[in-house]
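What follows is a single structure, written as structure tokens, with notes after it.
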Amino acid sequence: MRSKSLPIKLNKSSRLKATVPFKRFLGYDMGEDRNLVINPEQAKTVRRIYAMFLEGKSPHAISKILTDEPETLTVIGKQKWNPSTIKSILTNEKYKGDALLQKSYTVDFLSKEKKANEGEIPQYYVKGNHEAIIQPEVFDMVQNMMALRKTGKNRISTANVFSSKIRCGDCGGWYGSKVWHSNTKYRRRVWRCNRKYENDDKCQTPHLTDDEVKELFIKAANQLIEIKDEIIRNFEEAKEFLFGTAELSKEQEELESNLNQLADEINALINENARIAIDQAEYERNYNSLVKQFDETEDRLGEVKEEISMRQGNQEQVEMFLKNLEKTDLIDEFDERLFNRLVEVIEVGREKVTVTFKDGSEVTI
């Protein structure tokens with residue numbers, strides 16, 4: 001049994017150099033020393049991709065936006081962008097100036113067959129290997145937001161700015177867009193509970209037009225903006241209680257240490273059994289006991305890492321929300337980017353509407 005070893009961390013003075021397929025790496029060219037050098041024009045696209053993601057757009061939405069721009073081409077000169085390409089850009093550590101070496105290795109030098117490195121050979125993580133396109137703290141924020149979305153904490157729909165933002169107060173389902181009078185001059189789009197007619201006991205929540213949703217946002221946002229100083233102050237006082245990870249980080253260190261120790265004990269037991277004749281029933285009991293402890297420790301370690309990532313992601317989302325709120329004055333017209341940055345969900349009741357913002361604040365209208 002093999003322990004899942006962590007990458008060996010090095011600094012930029014290391015002799016190790018990152019090697020990447022330069023002709024297919026958006027944002028960088030190959031420098032004289034065969035290291036990464038920023039390509040200014042391509043770097044603008046990379047920064048746009050990160051900015052759009054932080055505004056709430058999914059890899060699918062970003063790929064559609066870029067594909068619709070004839071002047072914005074992929075690294076191989078194609079107009080069509082794929083969501084997988086966007087996700088790869090958003091998760092590649094090289095954009096923050098670091099390099100993880102030996103992600104894969106050659107299994108057979110004759111056939112050139114390669115395999116993903118799952119601990120068979122050492123990995124090396126070189127910090128500050130080259131000039132960054134994305135600031136490290138921004139890159140880390142994106143990774144935490146990715147983790148939140150994987151757990152379903154941050155839904156993303158790309159159909160419309162209001163998709164997956166309006167919830168029915170009766171059944172908890174999402175509102176979807178419907179087109180009324182589609183073939184007449186009275187054509188208009190409305191938002192209505194998707195489950196309204198699924199059961200005999202249909203939802204009684206009202207439909208909303210685009211203009212009504214926009215007006216609700218303007219009213220709610222202005223109420224929040226008027227007390228933004230108090231909201232920011234309250235967050236500073238409560239953030240350690242809400243998002244602190246010191247105890248979890250300590251537990252993570254202990255679990256990682258225990259995991260390595262258990263892996264060593266398992267390997268030692270296997271080697272002993274191979275060297276000398278020992279009671280096989282006792283060997284099986286000891287082996288199964290150690291493997292059970294290893295698996296339980298590994299499961300707990302995964303839970304702790306996920307919780308740390310979620311807390312960090314939530315804190316960063318709230319801090320980004322407050323930064324946007326702090327620099328926003330009272331508004332008199334709808335701003336799609338501001339809506340994406342501020343609103344978590346709009347819940348429509350039979351007689352009232354509640355707007356929940358990304359810091360958890362609620363405004364009822």
Side-chain angles (χ1 to χ4, degrees), residues 26-27 41-75 78-93 95-96 133-167 174-177 189 191 210 213-214 217-218 221 309-310 312-325 327-328 331 333-346 355-359:
L26 186 72
E41 285 304 309
Q42 292 182 4
K44 291 178 184 177
T45 302
V46 173
R47 294 189 185 102
R48 273 192 68 203
I49 289 169
Y50 275 77
M52 285 191 284
F53 183 82
L54 289 172
E55 287 173 3
K57 293 181 173 62
S58 69
H60 179 82
I62 296 170
S63 66
K64 187 176 185 305
I65 290 169
L66 297 181
T67 297
D68 290 341
E69 298 175 355
E71 71 280 8
T72 306
L73 303 179
T74 69
V75 71
K78 301 292 185 181
Q79 186 174 337
K80 180 174 175 57
W81 290 75
N82 292 314
S84 59
T85 301
I86 301 300
K87 187 174 180 181
S88 176
I89 290 170
L90 289 169
T91 55
N92 195 317
E93 78 287 339
Y95 287 115
K96 69 169 179 173
I133 292 176
I134 303 299
Q135 291 300 311
E137 58 270 21
V138 175
F139 180 87
D140 293 342
M141 185 186 302
V142 167
Q143 306 321 299
N144 286 327
M145 288 182 68
M146 285 274 196
L148 284 177
R149 292 181 185 185
K150 282 182 182 178
T151 60
K153 301 292 184 181
N154 196 353
R155 313 154 320 279
I156 293 292
S157 175
T158 62
N160 181 277
V161 64
F162 300 139
S163 296
S164 294
K165 286 288 189 180
I166 309 174
R167 188 166 59 205
W174 295 109
Y175 267 43
S177 63
R189 180 172 59 196
W191 294 87
D210 280 359
V213 179
K214 292 175 182 179
F217 166 67
I218 292 170
S309 182
M310 285 180 58
Q312 290 174 339
N314 284 326
Q315 179 175 341
E316 287 162 357
Q317 178 171 284
V318 172
E319 287 175 341
M320 186 165 56
F321 162 85
L322 294 176
K323 187 179 294 185
N324 287 314
L325 183 65
K327 62 185 181 184
T328 302
I331 58 176
E333 60 182 27
F334 181 77
D335 184 323
E336 180 176 324
R337 293 180 68 184
L338 190 63
F339 179 87
N340 277 326
R341 290 172 177 175
L342 299 187
V343 174
E344 178 66 20
V345 67
I346 297 173
V355 180
T356 301
F357 293 91
K358 289 185 182 291
D359 70 329

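- Put simply, the side chain of Leu66 reaches to within 4.5 Å of the side chain of Ile49, judged on heavy atoms.
- The CD atom of Glu69 sits 11.0 Å away from atom NZ of Lys64, with the distance rounded to the nearest 0.5 Å.
- Checking side-chain atoms of Gln79 against main-chain N and O of Thr67 turns up a donor-acceptor pair under 3.5 Å.
- Rounding to the nearest 0.5 Å places CE of Met320 at 13.0 Å from CG of Leu325.
- The two residues Thr91 and Tyr50 make their nearest non-hydrogen contact at N-OH, 4.3 Å.
- A pairwise comparison of heavy atoms in Phe53 and Leu90 identifies CD1-CD1, 3.6 Å as the closest pair.
- Counting heavy atoms from C-beta on, the side chains of Thr328 and Arg341 never come closer than 4.5 Å.
- Taking CZ of Arg167 as the reference point, atom OG1 of Thr356 lies at 7.0 Å (rounded to 0.5 Å).
- Around NZ of Lys214, the count of heavy atoms belonging to other residues, nucleotides or ligands within 6.0 Å exceeds 12.
- Checked by atom type and distance alone, the side chain of Gln42 pairs as donor or acceptor with a backbone atom of Gly27 at under 3.5 Å.
- For the pair Ser177 and Arg189, the tightest heavy-atom approach, listed with the atom from each and the gap, is CB-CD, 3.5 Å.
- Note: Ile62 CD1 to Thr45 OG1 = 12.0 Å, rounded to the nearest 0.5 Å.
- The aromatic rings of Phe321 and Phe357 are tilted relative to each other, their planes meeting at an angle between 30° and 60°.
- Around CD of Glu333, the count of heavy atoms belonging to other residues, nucleotides or ligands within 6.0 Å does not exceed 12.
- A tilted orientation is assigned to the rings of Phe339 and Phe334, their planes being inclined by 30° to 60°.
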